[in-house]
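Remarks on the structure that follows.
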Amino acid sequence: MSSSSTALRELQQDLENKANDLSKLQKDIAKNHQVRKKYTIQLGENELVLKELDLLNEDANVYKLIGPVLVKQDLAEANANVRKRIEYISAELKRLDGSLQDLEEKQHSKREAILKVQQRIQSHQAGKAKA
């Protein structure tokens, strides 16, 4: 009889460990969503800046805020910098999407594993009740 209670305890410990792992995955997914939201906002802002720069004439003055100082910048250089930022942010968003997909797959498999352990516990308890 004690071996069955030991097995039950082991199953419950396994269930608890898997639940903790699932909780960590859910926190990672939430963090990924937060970072993704930040990058999406930055991408929108940079695309807006690029549209504004495209409206300017070649001889227009463009200034860049560096600390508390506005520094004059060449229009072509400003344009190139914004395009590079958009490229970088887009690459980061793509990387985050891949990471999110991986985390969601892990979350799904962890949920399935938890269900299997729960079923094993229930069948173990049902067998114990019959005895």
Query - Atom pair NZ (Lys72) and CG (Asn61), whose distance is rounded to the nearest 0.5 Å - result: 3.5 Å

Report task. Report, as yes or no, whether the 6.0 Å neighbourhood of atom CD on Glu77 holds more than 12 heavy atoms from other residues, nucleotides or ligands. Result -> yes

Query raised in the report: Can you list the residues that meet the side-chain contact (heavy atoms from CB on, under 4.5 Å) rule with Ser109, with sequence neighbours excluded?
Result: none

Report summary line: d(Asp102 CG, Leu25 CG) to nearest 0.5 Å is 9.0 Å

Query raised in the report: Going from CG on Leu100 to NE2 on His33, what distance comes out if it is rounded to the nearest 0.5 angstrom?
Result: 4.5 Å

**Report entry** Flag, side chain of Ser99 to backbone of Arg95, donor-acceptor distance under 3.5 Å
**Finding:** no

**Report entry** side-chain contact (heavy atoms from CB on, under 4.5 Å) between Leu56 and Glu52, worked out
**Finding:** CA-CA 7 Å; Leu56 296 177; Glu52 290 292 322; over 6 Å; no

Query - Arg83 side chain reached by Asn46 side chain, heavy atoms, under 4.5 Å - result: no

Query raised in the report: Could you state the interatomic distance from CG (Asn79) to CG (Asp54), rounded to the nearest 0.5 Å?
Result: 5.5 Å

Requested in this report: Determine, using the 4.5 Å side-chain heavy-atom cutoff (strictly less than), whether Tyr88 and Leu96 are members of one ILVMFWY cluster.
Outcome: yes

Report summary line: Nearest heavy-atom contact between Gln107 and Ile29 is OE1-CD1, 3.3 Å

Report task. Please name the pair of heavy atoms, one in Ala78 and one in Val62, separated by the smallest distance, quoted to 0.1 Å. Result -> CB-CG1, 3.9 Å

Requested in this report: Tell me whether Tyr63 is reachable from Leu65 by hopping between hydrophobic residues (I, L, V, M, F, W, Y) whose side-chain heavy atoms are closer than 4.5 Å.
Outcome: yes

Side-chain donor/acceptor pairs under 3.5 Å, residues 110-122, sequence neighbours excluded:
residue	atom	partner	partner atom	Å
Lys110	NZ	Asp21	OD2	3.4
Glu112	OE2	His108	NE2	2.9

Report task. Please step through side-chain contact (heavy atoms from CB on, under 4.5 Å) for the pair Asp97 and Gln101, ending with a clear verdict. Result -> CA-CA 6 Å; Asp97 284 344; Gln101 189 173 7; over 6 Å; no

Query - Salt-bridge contact Asp14-Lys18 (side-chain N to carboxylate O under 4.0 Å) - result: yes

Query raised in the report: Between Asp28 and Lys106, does at least one N-O distance fall below 4.0 Å, as a salt bridge requires?
Result: no

Query - Linked, directly or transitively: Val35 and Leu43 (ILVMFWY side chains, under 4.5 Å) - result: yes

Query raised in the report: Do you know which two heavy atoms are closest between Leu93 and Tyr39, and how far apart they sit?
Result: CD2-CB, 3.6 Å

**Report entry** Atom pair NZ (Lys27) and CG (Leu22), whose distance is rounded to the nearest 0.5 Å
**Finding:** 11.0 Å

Query raised in the report: Can you tell me how far the CZ atom of Arg85 sits from the CD atom of Gln42, to the nearest 0.5 Å?
Result: 9.0 Å

